Asks: 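One structure coming up, written as structure tokens, with questions to follow.
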2 protein chains.
Amino acid sequence: MDRIDRVLLAHLQQDATQSYAALGQAVGLSAGAAHERVRKLRERGVIRRTTVDVDPVAVGNAVLAYVMIDSVSWMGDSAKDFAAIPEIVEAHVIAGSASVLVKVRTASTGRLQDVLRRIYAINGVSGTRATVVLETLVERPVSAQNQE
Amino acid sequence: MDRIDRVLLAHLQQDATQSYAALGQAVGLSAGAAHERVRKLRERGVIRRTTVDVDPVAVGNAVLAYVMIDSVSWMGDSAKDFAAIPEIVEAHVIAGSASVLVKVRTASTGRLQDVLRRIYAINGVSGTRATVVLETLVERPVSAQNQE
DNA sequence: AGTGAAATTTTAGCAAA
DNA sequence: TTTGCTAAAATTTCACT
């Protein structure tokens, strides 16, 4: 993981459809060398996958909300329970007053209520506090370049 | 946006490196037809971009935190201020007790403190409450398929 | 909108330094 | 690790349905 790898990652995050020739040119390497570096980044799991960023509104998920979840037991084994709810895009065990923080995308506030009901049904959950997002100001991939 | 488009999106989210031939086969279309549909999905902005999912830990950002931000004024015009801090990966204006919710990835808790200081310096910010993530249970793209 | 096929570009594997 | 070369594969365009 040197500086060149970081630049390659940044370029790929911005546009993963570009050719290795273009990618190589951006860092002063041949297409073959760029290809080999990217192959290793994938192999080592630095690049977890190549994917498309889908507009949530375009697929009918206009409501974004965060839900703070209180529990009466350790939630570390509940990954499957949260993953079983497709509207949940993130779930994290947190330090502090609540136990789990969940990010949810739904079609409507009515659907959000459904999701809250399903969360309540998870073993150990004792309470939820939903926060609805009014406007997203920033949404972007992790910076591969804030290491220096 | 019919059922076929949704299946194409789901497949691309999982692996955007696969060929249009494979993609077409998954939905019972020729490579050309699959390509044309994906081209239109891009054109219409349903697919915002093709990108790589980078492991945050591998690029040195092991700490994930959410920060609730209180403010004394409307924060809707502050997108640039938040975007100027590279460690901020998401910033949302929210309904409820706080004003803005921010998602932050940093190399260490020390760096998190730096970020909090920079957030404090943004005009109108009157307070911050950081919540550190201990473990991530779920992290995945929006489901393109919970519409029916 | 979709098909099939041709022309072009890109990828991926290999020998050499 | 990088380069240049090359065969194989994928993308992109087009005439036709």
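What you see is a predicted model; the values in this text were computed from it and never measured. The sequence lines fix the lettering, A, B, ..., with proteins before strands; numbering per chain opens at 1.
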Asks: Are B:Arg49 and A:Asp15 ion-paired here, with the side-chain N under 4.0 Å from a carboxylate O?
Replies: no

Asks: Could you give the CD-to-C1' distance, from B:Gln18 to D:dA9, as a whole number of Å?
Replies: 15 Å

Asks: Supply the atom-to-atom distance B:Gln14 CD to B:Leu12 CG, rounded to the nearest 0.5 angstrom.
Replies: 10.5 Å

Asks: Between the opening five pairs and the closing five pairs of the helix from C:dA1-D:dT17 to C:dA17-D:dT1, how far apart are the helix axes, to 10°?
Replies: 30°

Asks: Should side-chain heavy atoms under 4.5 Å link Ile, Leu, Val, Met, Phe, Trp and Tyr, which residues sit in the same cluster as A:Val133?
Replies: A:Leu64, A:Tyr66, A:Met68, A:Ile94, A:Leu101, B:Leu64, B:Tyr66, B:Met68, B:Ile94, B:Leu101, B:Val133

Asks: Among residues 20-35 of chain B, which contact DNA chain C at a heavy-atom distance under 4.0 Å?
Replies: B:Leu29, B:Ser30, B:Ala33

Asks: Can you find a side chain N or O atom of A:Arg37 that sits less than 4.0 Å from OP1 or OP2 on D:dT2?
Replies: yes

Asks: Nearest 0.5 Å please: distance from the OG1 atom of A:Thr128 over to the CG atom of A:Asp70.
Replies: 8.5 Å

Asks: Measure from CD on A:Glu36 to P on C:dG13 and round the result to the nearest Å.
Replies: 10 Å

Asks: Check which hydrophobic residues are tied to A:Val72 through side-chain heavy-atom contacts below 4.5 Å, counting indirect links as well, and list them.
Replies: none

Asks: Residues in side chain to side chain contact (heavy atoms under 4.5 Å, CB included) with A:Arg140, at least two apart?
Replies: A:Val138, B:Ala83, B:Ile88

Asks: Other members of the hydrophobic cluster containing B:Val57, with the 4.5 Å side-chain heavy-atom rule, please.
Replies: none

Asks: Are the charged groups of B:Glu43 and B:Lys40 less than 4.0 angstrom apart, N to O?
Replies: no

